[in-house]
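Down below is the structure, laid out as structure tokens.
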Protein chains: 2
Amino acid sequence: MARDTEKRRAELRDRLLDIAEREVRNNGAASLRARALASEAGCAVGAIYNVFDDMTGLVLAVNGRTFGRLGETVTNAVAKAGPDPTEQLITIARSYLAFASTDPNLWRALFVADMSTDSAVPAWYLQELQRLFAMIAAPLTKLHPDAPPDEIDLMTRTLFSSVHGIILLGLERRISGVPEAKIEEMIGFLLRRVTGADKGRVSGD
Amino acid sequence: MARDTEKRRAELRDRLLDIAEREVRNNGAASLRARALASEAGCAVGAIYNVFDDMTGLVLAVNGRTFGRLGETVTNAVAKAGPDPTEQLITIARSYLAFASTDPNLWRALFVADMSTDSAVPAWYLQELQRLFAMIAAPLTKLHPDAPPDEIDLMTRTLFSSVHGIILLGLERRISGVPEAKIEEMIGFLLRRVTGADKGRVSGD
DNA sequence: ATATGCGTTGAACGCTGTTCAAGGGGACAT
DNA sequence: ATGTCCCCTTGAACAGCGTTCAACGCATAT
């Protein structure tokens, strides 16, 4: 019987996750409703709380999936990239942009700061972030073989945050409404400048 | 009588704005409560809606004040800066960081995307943004006298978004919890690299 | 003094996430 | 086959939210 319940719960968990993911993808994390979710999943509202801590926990679970797919996307992209470190960085940034641009709502949900509660940041979250950072640090180390690790780390965070900011504000229609091609151009410009691959020109490639 | 009510309303508007601003500063825009606000301002909950469209409108009004102070802060900073364009850019970014770091909640409220409704972006918002962009574009034009205006514009947005991203994630404890000095270092590194003021070294100063 | 019009009010509405007493159903003992 | 028990699921109930609007009261005009 114990196993039976376990299975039922696992199935319900998956079903809820699927529905929640679809809702976040289509309408954003803010429009998740407990009642609508339960109704569509064919369970009671209370059942959600047998499987997730609360609605925030559910969004967190969605983020887990999203982060996983993001990691794979970027990993695949850099696997196909050439040997030039600068181009590798651009490839990483480009795949990051493509991911964010394809599913902006899922992507934004990764960064909604409802983790206000202390230490509510799950371990896997920081782990996935490290995975991303490591992929950025690798080409940077090739570019600067003599730089100490903490300087590589600082450059990594700087580049990630910069590209993240460009994408964040670029996708926000209120500020610029820049087309995706323009965002790619901005990223390419920034990265080539920072890595020193382009010392003089103003426009990129 | 008409003048009388007008004055009463203006006073109430100011009082509500003061209280709301304090609340946003201390606890973030998300924790603004209509009832608490009315109770503290000594008015009925409905009175808020005689003076503001809704709660979003109130936050928008707070943002108006905030954006004004931000503009002045940056303006003052660049007025005191030297003639070197790169250092001017760094000064702008530094004052932006100082502002965000002093009142992170007020600063973040500027960018909460509750302007989801179409064309809900007030004119003054875009205007203040243009004011910021113009201050960035000026030193950039000095650095690249021959660049066409739209390339200057693209660089402006790129730099603003990058610095914004660095500050955004830098102040977010969940991702790095980097001390403010480290954030300044990151910004300085990025700007010197992008402007070409620092071509080889890894660490800035 | 009475009537009129308008600004202000706060109880009520519809919505939210979350809880927990009550009911249902499978497993085991008799 | 029946009874007992226990745990899981349920959904009505709760506390709180932003927002509204019929009713109230006050200041002015008659």
Side-chain angles (χ1 to χ4, degrees), chain A residues 1-17 19-24 26-63 105 109 112-117 120, chain B residues 1-17 19-24 26-63 105 109 112-117 120:
Chain A
M1 181 265 274
R3 284 222 59 80
D4 209 41
T5 340
E6 215 171 304
K7 213 172 100 184
R8 283 171 56 90
R9 286 224 206 181
E11 280 174 11
L12 178 61
R13 202 189 134 89
D14 288 348
R15 212 174 340 138
L16 288 173
L17 253 179
I19 300 170
E21 183 178 359
R22 180 166 50 74
E23 182 60 26
V24 173
N26 293 339
N27 302 107
S31 65
L32 259 187
R33 299 292 114 119
R35 282 168 181 77
L37 193 65
S39 146
E40 188 166 359
C43 70
V45 279
I48 298 174
Y49 295 85
N50 294 335
V51 173
F52 294 102
D53 283 355
D54 48 25
M55 283 310 224
T56 304
L58 178 56
V59 175
L60 234 64
V62 172
N63 283 349
N105 285 330
V112 293
D114 262 11
M115 313 193 189
S116 50
T117 339
Chain B
M1 181 265 276
R3 284 220 62 78
D4 208 41
T5 35
E6 213 172 306
K7 214 172 99 183
R8 283 172 57 89
R9 287 224 207 183
E11 280 174 10
L12 178 63
R13 201 189 135 89
D14 287 349
R15 213 175 338 140
L16 286 173
L17 253 180
I19 300 171
E21 183 178 359
R22 180 166 51 75
E23 182 60 24
V24 173
N26 292 338
N27 302 106
S31 65
L32 258 188
R33 298 294 112 118
R35 282 167 181 78
L37 194 65
S39 146
E40 188 166 358
C43 70
V45 279
I48 298 174
Y49 295 86
N50 294 334
V51 172
F52 295 102
D53 282 354
D54 49 25
M55 283 309 230
T56 304
L58 177 56
V59 174
L60 234 64
V62 172
N63 283 349
N105 286 329
V112 293
D114 261 11
M115 313 193 189
S116 50
T117 338

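Per chain, numbering begins at 1; letters A, B, ... match sequence-line order.
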Nearest 0.5 Å, what's the CG-CD1 distance between B/Asp14 and B/Ile19?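 Going from the CG atom of B/Asp14 to the CD1 atom of B/Ile19 covers 11.0 Å.
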
Show the numbers, then the answer: is there a side-chain contact (heavy atoms from CB on, under 4.5 Å) between B/Leu37 and B/Leu16?
CA-CA 7 Å; B/Leu37 194 65; B/Leu16 286 173; 3.8 Å; yes

Taking atom [atom2] of [N] as reference, at what distance in whole Å does atom [atom1] of [X] sit?
{"X": "B/Leu16", "N": "D/dG18", "atom1": "CG", "atom2": "P", "value": "13 Å"}
{"X": "B/Asp54", "N": "D/dC17", "atom1": "CG", "atom2": "P", "value": "17 Å"}
{"X": "B/Asp53", "N": "D/dT20", "atom1": "CG", "atom2": "P", "value": "10 Å"}
{"X": "B/Tyr49", "N": "C/dA11", "atom1": "OH", "atom2": "C1'", "value": "15 Å"}
{"X": "B/Met55", "N": "D/dC17", "atom1": "CE", "atom2": "C1'", "value": "9 Å"}
{"X": "B/Arg8", "N": "D/dC26", "atom1": "CZ", "atom2": "P", "value": "12 Å"}
{"X": "B/Ile48", "N": "C/dT8", "atom1": "CD1", "atom2": "P", "value": "13 Å"}
{"X": "B/Leu60", "N": "D/dG18", "atom1": "CG", "atom2": "P", "value": "16 Å"}

Problem set entry | Selection from D/dT20, D/dA12, C/dG17 that lies nearest to any side-chain heavy atom of A/Val45 |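 Of all the options, the side chain of A/Val45 is nearest to D/dA12.
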
When you get a sec, tell me which of D/dG11, D/dG18, D/dT9 is the closest nucleotide to the side chain of A/Arg9?
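So the side chain of A/Arg9 is nearest to D/dT9.
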
Which heavy atom of [X] sits nearest a heavy atom of [Y], and at what distance?
{"X": "B/Ala20", "Y": "B/Val62", "answer": "CB-CG2, 4.0 Å"}
{"X": "B/Phe52", "Y": "B/Ala61", "answer": "CE2-CB, 3.7 Å"}
{"X": "B/Val59", "Y": "B/Ala29", "answer": "CG1-CB, 4.4 Å"}
{"X": "B/Asn105", "Y": "B/Val24", "answer": "CB-O, 3.0 Å"}
{"X": "A/Ile48", "Y": "A/Ala34", "answer": "CD1-O, 3.5 Å"}

Within the 4.0 Å heavy-atom criterion, would you say A/Asn50 contacts the bases, only the backbone, or no part of the nucleic acid?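 If one applies the 4.0 Å heavy-atom cut-off, A/Asn50 turns out to touch a base.
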
Original post:
Does any residue of residues 28-38 of chain A have a heavy atom under 4.0 Å from DNA chain C, and if so, which ones, in number order?
Top reply: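 Hits under 4.0 Å, by residue number: A/Leu32, A/Arg33, A/Ala34, A/Arg35.
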
Between protein and nucleic acid, restricted to nucleotides 21-25 of chain C and to nitrogen or oxygen atoms under 3.5 Å apart, what atom pairs and distances do you find?
none

Given A/Glu40, which of A/Arg15, A/Arg35, A/Arg22, A/Arg33 fulfils the salt bridge (Lys or Arg N to Asp or Glu O under 4.0 Å) condition?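 Result for salt bridge (Lys or Arg N to Asp or Glu O under 4.0 Å) with A/Glu40: A/Arg22.
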
* 4.5 Å side-chain heavy-atom contact, B/Leu17 and B/Glu21 ->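 B/Leu17 does not reach B/Glu21 side chain to side chain.
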
